[in-house]
There are 2 protein chains.
Amino acid sequence: MSGLREKQKADRRRRILEAARKLFAKAGPDATTIEAIADEAGVSGVTVHNYYGTKSGVLLALVAESDRELLEKMAHDLPGQSDDLIDLARRFAAIIRDHAITFLDKGIWRQVFAASIAEADSRFGKSYHSLDHQLALVLVREIEVLQACGAVASEVSAYDLGKAIFSLQNMRFVNFISFDEMTDVESDAAFLRDLRSILGALPANRR
Amino acid sequence: MSGLREKQKADRRRRILEAARKLFAKAGPDATTIEAIADEAGVSGVTVHNYYGTKSGVLLALVAESDRELLEKMAHDLPGQSDDLIDLARRFAAIIRDHAITFLDKGIWRQVFAASIAEADSRFGKSYHSLDHQLALVLVREIEVLQACGAVASEVSAYDLGKAIFSLQNMRFVNFISFDEMTDVESDAAFLRDLRSILGALPANRR
DNA sequence: AAAAAATTTTTATTGCGTAAAAAATTTTTC
DNA sequence: GAAAAATTTTTTACGCAATAAAAATTTTTT
């Protein structure tokens with residue numbers, strides 16, 4: 001009943017991911033074969049499939065690791081910087097965009113996003129979604145701070161609002177990565193239009 | 001200089017799509033091979049690739065056709081039904097969900113969505129996005145009507161607002177199709193929370 | 001009607017993903 | 001500590017997507 005088997009599994013997992021990181025960085029996921037990852041990791045190709053399902057699954061697992069970094073960065077850089085909701089949302093979006101673009105190029109992010117939807121119910125699809133959720137929670141906490149200052153209406157649910165703004169940000173992010181020529185300045189401007197229009201949509205007598 | 005060549009191309013396009021529709025309906029896209037579509041359409045497998053790029057490309061083209069129906073339905077069913085923004089947005093979302101779910105099951109929609117992101121810059125990715133845009137424009141027009149009634153603030157851009165609400169709806173739709181067990185009632189409730197929190201987020205003195 | 005141009009088909013190759021049998025390794029049992 | 005049992009990996013084999021290049025076909029032009 002010792003954990004030797006478990007230990008070896010964890011080790012293989014790690015080796016596969018490390019091999020993938022190295023080869024993806026060198027040539028990109030498209031030009032990297034599962035077989036090459038397997039060789040580099042010292043396992044068979046089928047084992048890579050057994051562990052991660054698909055090549056996208058490997059990529060998703062890699063992104064999930066980087067997202068943990070992003071989460072730390074977010075928890076460190078976001079709090080206490082904004083005194084209004086629009087500014088908060090824009091900073092939140094900017095941190096995500098910056099992290100994303102320094103880590104992978106847009107073409108690969110399109111694959112990642114596509115995989116996160118196509119494999120939404122797989123193990124790694126789920127862990128990806130869970131990190132998204134935690135990211136949204138950082139935003140929720142800051143919204144609670146703004147509520148305490150009176151910058152956000154105290155009647156609304158900070159959780160619901162955080163999730164909604166996260167959604168809006170997420171679609172903007174998809175838009176950003178969908179077009180190679182779109183700059184982060186443009187994306188920020190578009191996000192600002194989203195926020196201004198929706199936050200100011202209702203006239204005072206209708207709220 | 002007659003258009004025989006063009007005519008034959010259009011004809012092949014049509015036959016391929018018709019064959020795909022028939023076979024996808026019978027067995028689903030996964031169990032349908034490109035070769036089978038090609039046989040049914042009376043062309044070679046490579047020709048299907050030449051015309052639509054990938055199997056997802058064929059699927060996307062099929063969905064684009066159905067989206068034209070949806071667009072008509074939307075233009076017919078949405079206008080004049082709502083006298084406030086939240087109700088309008090929910091009707092809009094409901095029409096899309098209903099149409100989607102009667103047309104394809106969730107698993108296939110996940111593939112469609114993934115393909116629309118992964119192939120955002122392909123011919124069919126673009127036509128898919130253009131239909132999304134037209135759909136959003138129907139919403140924009142109704143928002144303008146609400147502005148005329150005073151139900152929506154006249155200072156905001158109806159276009160920006162329509163796009164923002166469309167984004168919110170789109171993320172909810174992704175969420176809806178990502179989980180097989182999620183009902184349309186639940187999705188509507190979640191969308192309502194999105195809308196209520198974000199539309200009521202700013203206190204009166206901050207707008 | 002022949003030559004030129006465009007398009008499809010044939011042919012071949014690579015790689016993903018899956019399944020089942022075989023081999024190896026760890027764990028359990030005596 | 002060796003044999004048996006259980007688990008996991010590897011080997012082997014196969015179907016299909018996607019791509020490339022050559023060959024064949026068909027339309028267009030002259």
Side-chain angles (χ1 to χ4, degrees), chain A residues 1-17 19-20 23-24 27-62 107-108 111-112 114-115 118-119 121-125, chain B residues 1-16 19-20 23-24 27-62 107-108 110-112 114-115 118-119 121-125:
Chain A
M1 60 180 60
S2 88
L4 176 54
R5 226 152 214 172
E6 292 305 310
K7 213 176 291 177
Q8 285 179 320
K9 272 193 206 175
D11 204 54
R12 283 195 201 97
R13 279 230 142 76
R14 197 185 44 70
R15 290 207 315 270
I16 292 172
L17 238 45
L23 298 177
F24 283 176
D30 284 336
T32 304
T33 66
I34 295 260
E35 212 56 46
I37 297 172
D39 280 0
E40 179 80 26
V43 296
S44 77
V46 174
T47 296
V48 175
H49 276 109
N50 285 341
Y51 275 70
Y52 292 100
T54 64
K55 186 151 78 171
S56 296
V58 179
L59 184 57
L60 232 49
L62 227 41
I108 297 180
Q111 291 181 44
V112 169
E119 306 188 28
D121 54 344
S122 80
R123 178 159 177 272
F124 289 94
Chain B
M1 59 178 61
S2 89
L4 176 54
R5 224 150 217 173
E6 291 307 308
K7 213 176 291 179
Q8 284 178 321
K9 272 194 204 173
D11 203 54
R12 283 196 199 94
R13 279 229 141 77
R14 197 186 44 72
R15 285 199 331 259
I16 292 171
L23 297 177
F24 284 176
D30 284 338
T32 303
T33 66
I34 294 262
E35 213 57 44
I37 297 172
D39 280 0
E40 179 81 23
V43 296
S44 80
V46 174
T47 296
V48 175
H49 276 109
N50 285 341
Y51 275 70
Y52 291 100
T54 65
K55 187 152 79 171
S56 296
V58 179
L59 185 56
L60 232 49
L62 227 42
I108 296 180
R110 289 197 283 271
Q111 291 181 44
V112 170
E119 307 189 27
D121 54 344
S122 79
R123 178 159 177 271
F124 289 95

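Letters A, B, ... mirror the listed sequences (proteins, then strands); counts begin at 1.
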Report the nucleotide, chosen from D/dT10, C/dG17, D/dT8, that has the shortest atom-to-atom distance to any side-chain atom of A/Ser44. D/dT10
Taking the side chain of A/His49 as heavy atoms from C-beta outward, which of C/dT18, D/dT26, C/dT9 is closest to it? C/dT18
Candidates D/dT10, D/dA18, C/dT7 - which lies nearest the side chain of B/Lys9: C/dT7
Point-to-point distance, once rounded to the nearest 0.5 Å, from CD of A/Glu35 to CD of A/Glu40: 13.0 Å
Nearest-nucleotide 5' precedence on DNA chain C, A/Ile34 against B/Val46: B/Val46
Closest approach to the side chain of B/Thr54, judged atom by atom: which nucleotide of D/dC16, D/dA18, C/dG15 is it? D/dA18
Roughly how many Å is it from CG in A/Asn50 to P in D/dT7, rounded to a whole number? 16 Å
Between A/Leu59 (CG) and C/dC16 (C1'), how many Å, whole number? 15 Å
Distance in angstrom units between A/Glu6 CD and C/dT25 P, rounded: 18 Å
Which atoms form the tightest heavy-atom contact between A/Tyr52 and A/Ala61, and what is the distance? CE2-CB, 3.7 Å
Identified pairing partner of C/dT8, criterion: Watson-Crick or G-U wobble below 3.5 Å: D/dA23
Distance, rounded to the nearest Å, where A/Lys7 contributes NZ and D/dT7 contributes C1': 18 Å
Which is true for A/Tyr51 with a 4.0 Å heavy-atom rule: it touches a base, it touches only sugar-phosphate, or it touches nothing? sugar-phosphate
With nearest nucleotides of DNA chain D determined for B/Thr32 and B/Gln8 from heavy-atom distances, which residue corresponds to the more 5′ nucleotide? B/Thr32
Over how many whole Å does the gap from B/Tyr52 atom OH to D/dT19 atom P extend? 17 Å
For C/dT8, take OP1 and OP2 only and decide whether either is under 4.0 Å from a side-chain N or O of B/Thr47. no
For D/dT29, which nucleotide is its Watson-Crick or G-U wobble mate, given both distances must be under 3.5 Å? C/dA2
When the distance from CZ of B/Arg13 to P of C/dT8 is rounded to whole Å, what number comes out? 9 Å
Could you state the atom-to-atom distance from CG of A/Asp30 to P of C/dT14 in whole Å? 18 Å
From CZ of A/Arg5 across to P of C/dA24 the rounded distance in Å is 15 Å
Between D/dT28, D/dA20, C/dC16, which one does the side chain of A/Lys55 approach most closely? C/dC16
Trace of the salt bridge (charged side-chain N to carboxylate O under 4.0 Å, His left out) decision for A/Lys7 with A/Asp11: CA-CA 6 Å; A/Lys7 213 176 291 177; A/Asp11 204 54; over 6 Å; no
Record whether the side chain of B/Arg12 comes under 3.5 Å of the base of C/dT8 through a donor-acceptor pair of N or O atoms. no
Testing the basics here: between B/Pro29 and B/Ile108, what is the closest heavy-atom pair and its distance to 0.1 Å? CD-CD1, 3.3 Å
Within a strict 4.5 Å, meaning less than it, do heavy atoms of the B/Phe24 and B/Ile37 side chains meet? yes
